[in-house]
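Just so it is clear, the values below take in all heavy atoms, side chains as well, and ignore hydrogens, waters and symmetry mates. Model, not experiment: these values are computed from the prediction.
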Amino acid sequence: MSYVHGSVERQPTKVLLTGFGPFGDFKVNPSWQIMKQFDGQRCGDLIMESVEIPVEYAAVDKFMETVRQEQLDDIALAIHCGVGKPGAVCLEQFARNGKYSRVDTSQKLPCGDMERKENDKCAQDGPDMIETQIDLASVARACQEGNSGKDAVRIKLSTDAGLYLCEYIYYSSMHHLRIPSVFVHVPPVDEPYSSEAILDAIKQVIAKTVEEVCGTKVMPELLTGSTHLEHWVQCFNEHMRVNAGWSTAVAAIRTLISYIEQSDAGTLSELRDGIKSVIGALTCSMSSRITSVSSGCELFLRFITLKAEHPKDFAKCRAQLVASGTVFLDNAIKGRSKVAKKGLSFVHDGTTVLTHSYSRVVFEVLKKAALEKKRFNVYVTESRPSCTGHKMATRLTECGIPVTVIPDAAVGHVIEKIDCCLVGAEAIVESGGIINTIGTYQMAVLSKATNTPFYAVGESFKFVRLFPLRQSELPPYRAKPLDGLPDGLRSISPKMDYTPPALVTLIITDIGVLTPSAVSDELIKLYC
């Protein structure tokens, strides 16, 4: 599956998994307990993302709208799960539009109140029934073959999804999102199957459905279906807490080295698959900084495996990978100071610098300039809604640098006072453009209009093989609605934006000061 924006073909990157929250006698819903265990794991070339849905019609509607607006193009497949009747795992073949006459946990119907109406449908303009595009007969057959054994769960087809939230989300997925979808009913635990047996069956369903839809062969046993990945997310979070000066990418790379040291993989191929699963778990745990982490980890994986000599003794191979990884990590940590040294010549005595949000690299450049006894002023945007500009202003003030904080909307007002703009970069893309905190693009537009130099700074591990042409082609970032709005108002609060290369004067990196057009050449050197 793929889709095209302009001249660029983009592949979906996710398998969306959903389970339901508590309802009725199920204080802990088995569907969510199962599906959450796959969150962040890699399934072939796709990353699984698990979402818990409250047992409310309005919650399903809101979820579908969020997916449709923010990440629809990244989803290859949706697998929804709910608890059903004892005896078997059921693959639902179709979903009906109504009539939904059973109230949800908030005592509401699709129409929004308790009154039963003839139009209690999922979609007023939708067909009475939608059949899934997926050949579930083939999936069920393959699952049953792969899930054989004395205690294996029976996997069968079903034609009745229940006309409740399970069928409602299934119909919504096929009608509103129009993506390949399947709904899976799991039996209650111990009626008669254990949670482990049900989990094994769901591994089969996920693997065989991905193979059917995407043509990617997945080994179900590689879907660990356990919370061991949460340990590595916690390990990453601990590195970020203890090493406050580290970037997210550096902390992620250190986490991968720990994984290599502790993994029970017996071959290089198994180890690579495990590393990819950990990378997936880390990126799925983040609301932002996704691109710099994924690009840094991809370069790390390439660096260490290219240097592996594949000795017969895998213990020696593992030690070699750890040594290579440590070298890569040391270079990544030193990258920021190298950028600061190269950026020093762009901050002159008497200049006024405008920066945006909080960037560790920008801070190091300005701090080094202050230590060199250069006298300059800095304007910092607040960077709402996160207000990370406040942190930047505080840290610069502690270094004795005169700082003025301005609201994001005041950039146009102060731009005539600015000698240069200096911003960080979440990622530096193939074209020489940058992905960074929302608001960077509009600052670059104003800089271009006033002939103000616009410099981006970042380490080379942030170079990423992406070629966006517009804002809608950025990787998915989990955006939250704006706080404090009156009830009933919709909001959008994107975390990142894309600044095209035509607006960037120079890119200051640890490997040199580059024009935007030179980035593609450096990417070739890094990946070839």
Side-chain angles (χ1 to χ4, degrees), residues 36-43 47-50 221-311 313-337 360-361 426-427 459-464 510 526:
K36 74 176 184 179
Q37 297 186 52
F38 298 101
D39 188 39
Q41 290 193 48
R42 185 170 289 273
C43 188
I47 297 295
M48 293 184 283
E49 180 175 323
S50 303
E221 53 268 28
L222 293 181
L223 305 179
T224 58
S226 70
T227 56
H228 85 283
L229 291 173
E230 294 177 9
H231 165 75
W232 298 109
V233 173
Q234 292 168 3
C235 179
F236 164 81
N237 290 333
E238 182 65 12
H239 283 311
M240 290 297 295
R241 186 187 68 81
V242 174
N243 304 284
W246 281 7
S247 69
T248 50
V250 167
I253 291 166
R254 184 64 191 88
T255 302
L256 294 183
I257 293 174
S258 297
Y259 173 79
I260 294 170
E261 292 172 327
Q262 300 176 34
S263 170
D264 57 2
T267 67
L268 185 59
S269 177
E270 289 178 3
L271 187 62
R272 282 177 61 94
D273 288 339
I275 292 173
K276 289 178 180 179
S277 291
V278 174
I279 294 171
L282 295 180
T283 55
C284 282
S285 71
M286 300 172 187
S287 59
S288 61
R289 312 301 172 200
I290 299 170
T291 312
S292 65
V293 168
S294 60
S295 62
C297 290
E298 183 181 357
L299 281 169
F300 168 82
L301 183 58
R302 181 170 179 77
F303 180 84
I304 63 170
T305 52
L306 279 177
K307 292 185 176 293
E309 298 177 357
H310 306 284
D313 187 344
F314 187 67
K316 292 182 179 179
C317 180
R318 187 195 304 274
Q320 184 184 42
L321 294 175
V322 170
S324 297
T326 303
V327 170
F328 186 93
L329 177 65
D330 289 342
N331 289 334
I333 293 173
K334 294 174 182 176
R336 190 182 303 161
S337 60
R360 293 181 179 89
V361 188
E426 156 73 5
E459 303 95 322
S460 56
F461 62 72
K462 292 181 178 178
F463 284 27
V464 59
D510 53 309
L526 287 171

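In this structure, the separation between CZ on F300 and CG on N331 is 12.0 Å, given to the nearest 0.5 Å. Rounding to the nearest 0.5 Å gives a distance of 10.5 Å between CD1 of I253 and CZ of F236. Expressed to the nearest 0.5 Å, how far OG of S277 lies from CZ of R272 amounts to 12.5 Å. Atoms CD1 and CD, from I333 and E459 in turn, are 11.0 Å apart once rounded to the nearest 0.5 Å. Taking OG of S324 as the reference point, atom CG of L329 lies at 12.5 Å (rounded to 0.5 Å). Rounded to the nearest 0.5 angstrom, I304 CD1 and T326 OG1 are separated by 10.0 Å.
The minimum heavy-atom distance between V250 and A332, with the atom names listed, is CG2-CB, 4.1 Å. Of all non-hydrogen atoms in S247 and R336, the two that sit nearest each other are N-NH2, 3.3 Å. Taking each heavy atom of L299 and F463 in turn, the nearest pair found is CD1-O, 4.3 Å. Taking both residues in full, the closest heavy atoms of A427 and T291 are given as CB-CG2, 3.4 Å, listed atom of the first, atom of the second, then distance. Of all the heavy atoms in A251 and M240, the pair that sits closest is CB-SD, 3.4 Å. Taking both residues in full, the closest heavy atoms of A252 and L282 are given as CB-CD1, 3.9 Å, listed atom of the first, atom of the second, then distance.
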* Walk me through it: do W232 and Q262 pass the test side chain to side chain contact (heavy atoms under 4.5 Å, CB included)? => CA-CA 11 Å; W232 298 109; Q262 300 176 34; 3.6 Å; yes

* To do: Check the pair K276 / L301 against side chain to side chain contact (heavy atoms under 4.5 Å, CB included), numbers first and verdict last.
  => CA-CA 9 Å; K276 289 178 180 179; L301 183 58; 4.1 Å; yes

* To do: Applying side chain to side chain contact (heavy atoms under 4.5 Å, CB included), run through E49 and D39 and close with a yes or a no.
  => CA-CA 5 Å; E49 180 175 323; D39 188 39; 4.1 Å; yes

* Can you list the steps and then say if L268 with L321 is a side chain to side chain contact (heavy atoms under 4.5 Å, CB included)? -> CA-CA 10 Å; L268 185 59; L321 294 175; 3.7 Å; yes

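Looking at residues two or more places apart in sequence or on another chain, you find no salt bridge (charged side-chain N to carboxylate O under 4.0 Å, His left out) involving E261. In this view, S258 and R254 satisfy the side chain to side chain donor-acceptor pair (under 3.5 Å) rule, not counting sequence neighbours. When the side-chain contact (heavy atoms from CB on, under 4.5 Å) test is applied to N243, the partners found at least two apart in sequence or on another chain are H239, W246. Considering only residues two or more places apart in sequence or on other chains, S263 meets the side-chain contact (heavy atoms from CB on, under 4.5 Å) condition with Y259, A265, L271, R318. Considering only residues two or more places apart in sequence or on other chains, F461 meets the ring-ring contact (aromatic ring centres under 6.0 Å, His included) condition with none of them. Qualifying side chain to side chain donor-acceptor pair (under 3.5 Å) partners for S460, counting only residues two or more places apart in sequence or in other chains: D510.
Applying the salt bridge (charged side-chain N to carboxylate O under 4.0 Å, His left out) test to pairs two or more places apart or on separate chains, those with a residue in residues 236-246 are E238-R241.
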